Amino acid sequence: MKIDGRHYRTIWVAEDGWSVEIIDQTKLPFSFETARLTTLDDAARAIKTMQVRGAPLIGATAAYGVCLALRADASDAALEAACEALLATRPTAVNLRWALDEMLAAVRNQPRENRVASAYARAAALCDEDVETCRRIGENGFPLIREAAERKPGETVNILTHCNAGWLACVDWGTALAPIYMAHNAGLPVHVWVDETRPRNQGAALTAFELGAHGVPHTIIADNAGGHLMQAGKVDMCITGTDRTTANGDVANKIGTYLKALAAWDNGVPFYVALPGSTIDWTLQGGADIPIEQRGADEVTHMNGRTADGEVITVDIAAPGSPAANPAFDVTPARLVSGLITERGVCAATREGLEDLFRNETDMTSRRSD
Ligand SMILES: CSC[C@@H](O)[C@@H](O)C(=O)COP(=O)(O)O
């Protein structure tokens, strides 16, 4: 997508042909900065500290992390150690394990002297595939918005989203936001309610930033406002992303997604979840088994912001000394999900729905656990 007229992906190989550049998302929305990754540790740190985040982008960064590790040491032991280190960075998004499996499959049987080139080729292909996958998610979700527009001619379609599942969370386009970009580009009148998404504010900071950069009308709301807006008839549909979807259609996504799905259910508002096939964990039969990342209490007790002087600072917002808990994701049961928007089409959030679209993948288990 474009920033100030220049097209960016969220991750790319630098002009030197080997180091990896990312958009540093910890600096957004106040400044647009890129960062350079030159080692495995850089890549692991970028994922852990959320310079890059969002399920598909975590996978893409891990793929390049393997490339950087192999440049230093292309042995089997180093390859295994790199995958272990990257896998340990964040537990919930299954795209991380998927991407590492893809990288292992691409390089494991190669002679050492070929491994670096094979790794870079596979990582680049993974990124290209992610762009195409997200574009197709956009195409497949677009008719849902068009149909909503047809039901209220001349009026704006209001879509609520949670967290950031836009191009900043992927390599380009996004998942939940891709259909919205397609609808906006096609001239449909869309408006997005952007949940601020405490504690890290991915909605207020990232979703609002990228929608604004693309000229999509949007309004940031406090996380607790969605239910009220739905009761007032001001939400036509919700679309979110997901970090892991289990074989029965349960979806893990940023904390607070479940409450939005409950409110949508109670108000008869369609609740769609957009995802690439790489986000499906066929090894899990239900959401209760999804590992939920527990992040630092400081993210709850503190907030980043910019002062009137333009300085970006962190401030305390909680009673000093009070403990805080920070589960970063929750699970929305499949029964609350109106449909899953994938690169292969839209399906019911059921085992049958997913298997119909991804028949070839249903026997897929992690290559690492073979
Ligand atoms: C296309 S991204 C889907 C999810 O990864 C996204 O909605 C989300 O929850 C991201 O969480 P984050 O903690 O910012 O990585």
Side-chain angles (χ1 to χ4, degrees), residues 1 10-11 22-26 28-29 46-62 89-99 130-131 133-138 141 160-181 192 194-210 223 238-245 251-261 271-281 287 290-296 299-300 326-332 337 340-343:
M1 302 297 266
T10 51
I11 188 165
I22 55 167
I23 296 169
D24 183 348
Q25 300 191 24
T26 61
L28 289 170
I47 298 171
K48 214 176 175 62
T49 63
M50 295 175 65
Q51 285 179 301
V52 290
R53 25 68 50 205
L57 181 56
I58 289 170
T61 308
T89 52
R90 294 194 72 191
T92 303
V94 78
N95 307 59
L96 174 58
R97 188 183 75 197
W98 174 86
D130 187 68
V131 176
T133 294
C134 288
R135 195 188 62 74
R136 287 199 201 153
I137 289 171
L160 184 142
T161 193
H162 191 71
C163 195
N164 172 262
W167 72 273
L168 286 168
C170 304
V171 178
D172 207 343
W173 280 107
T175 56
L177 296 193
I180 296 172
Y181 285 127
V192 185
V194 178
D195 282 352
E196 61 177 343
T197 317
R198 281 283 293 148
R200 286 188 67 110
N201 292 325
Q202 288 95 328
L206 305 177
T207 299
F209 172 82
E210 60 165 275
D223 283 329
C238 304
I239 312 181
T240 73
T242 167
D243 287 78
R244 191 181 300 223
T245 297
V251 293
N253 193 49
K254 181 53 55 193
I255 192 78
T257 303
Y258 171 49
L259 287 177
K260 293 303 140 65
F271 188 92
Y272 293 104
V273 176
L275 66 144
S278 53
T279 300
I280 304 168
D281 186 345
I290 297 175
I292 300 294
E293 179 177 18
Q294 305 292 323
R295 293 188 63 86
E299 292 183 353
V300 175
N326 189 9
F329 296 90
D330 60 23
V331 175
T332 299
V337 178
L340 300 172
I341 306 170
T342 80
E343 71 272 31

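Start at 1 and go down the list; that is how both ligands and their atoms are numbered. Atom set for the values below is all heavy atoms of this structure, side chains included, hydrogens, waters and symmetry mates excluded. For clarity, every value in this text was computed on a predicted model and none was experimentally measured.
- Using modelled atom types, one finds a donor on one side chain and an acceptor on the other under 3.5 Å when comparing N95 with T279.
- In terms of protein heavy atoms, atom 2 (S) of ligand 1 is closest to A169 CB, 3.6 Å.
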Apply side-chain contact (heavy atoms from CB on, under 4.5 Å) to the pair F329 and I255, showing each step before the final yes or no. CA-CA 4 Å; F329 296 90; I255 192 78; 5.8 Å; no
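- Judged as a salt bridge (charged side-chain N to carboxylate O under 4.0 Å, His left out), the pairs with a partner in residues 195-207 (not counting sequence neighbours) are, in order, D195-K260, R200-E299.
- Considering both main-chain and side-chain atoms, G54 comes within under 3.5 Å of ligand 1 through a nitrogen or oxygen pair.
- A side-chain donor-acceptor contact under 3.5 Å links T207 to the backbone of C163.
- For atom 10 (C) of ligand 1, the choice among H162, R295, R53 with the nearest heavy atom turns out to be R53.
- In this model, a donor atom of one side chain and an acceptor atom of the other lie less than 3.5 Å apart for R53 and Q25.
- When hydrogens are left out, the protein atom nearest atom 1 (C) of ligand 1 is T175 OG1, 3.0 Å; that is the closest non-hydrogen contact.
- Here is the list of ligand 1 atoms found below 4.0 Å of a heavy atom in A55: 2 (S), 5 (O).
- Within the 3.5 Å criterion, the main-chain N or O of A252 finds a donor-acceptor partner in the side chain of T242.
- Nearest non-hydrogen protein atom to atom 7 (O) of ligand 1 is N253 OD1, 2.7 Å.
- Residue F329 approaches ligand 1 through these ligand atoms, each under 4.0 Å from one of its heavy atoms: 9 (O), 11 (O), 13 (O).
- Looking only at heavy atoms of the protein, atom 11 (O) of ligand 1 is closest to K254 CE, 3.3 Å.
- Checked by atom type and distance alone, the side chain of K254 pairs as donor or acceptor with a backbone atom of A328 at under 3.5 Å.
- Within the 4.0 Å heavy-atom cutoff, N164 counts among the residues contacting ligand 1.
- Ligand 1 does not have E293 within reach: every non-hydrogen atom of the residue lies 4.0 Å or more from it.
- Distances below 4.0 Å separate heavy atoms of Q202 from the following atoms of ligand 1: 12 (P), 13 (O), 14 (O).
- Ligand-side atoms of ligand 1 in range of M50: 12 (P), 13 (O), 14 (O), range being under 4.0 angstrom from any heavy atom.
- The closest approach between a heavy atom of R90 and any atom of ligand 1 is below 4.0 Å.
- The closest approach between any non-hydrogen atom of A93 and ligand 1 is not below 4.0 Å.
- Ligand 1 has no N or O atom lying under 3.5 Å from any N or O atom of T242, backbone or side chain.
- Annotation: atom 8 (C) of ligand 1 to nearest protein heavy atom, D243 OD1, 3.3 Å.
- The C163 neighbourhood of ligand 1 comprises atoms 8 (C), 9 (O), 10 (C), 11 (O), with distances under 4.0 Å to a heavy atom of that residue.
- Formation of a donor-acceptor pair under 3.5 Å by the R244 side chain with backbone atoms of T92 is found in this model.
- Not a single side-chain hydrogen bond (donor to acceptor under 3.5 Å, both in side chains) links T61 to another residue, sequence neighbours left out.
- In this structure, P56 is part of the shell of residues with a heavy atom less than 4.0 angstrom from ligand 1.
- Those atoms of ligand 1 that come under 4.0 Å of a heavy atom in C170, given as number and element, are 1 (C).
- For the pair Y272/L340, no side-chain contact is recorded, criterion being any heavy-atom separation below 4.5 Å from C-beta on.
- In this structure, the side chain of N164 does not engage the main chain of G203 through any donor-acceptor pair within 3.5 Å.
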Please step through side-chain contact (heavy atoms from CB on, under 4.5 Å) for the pair I280 and V94, ending with a clear verdict. CA-CA 7 Å; I280 304 168; V94 78; over 6 Å; no
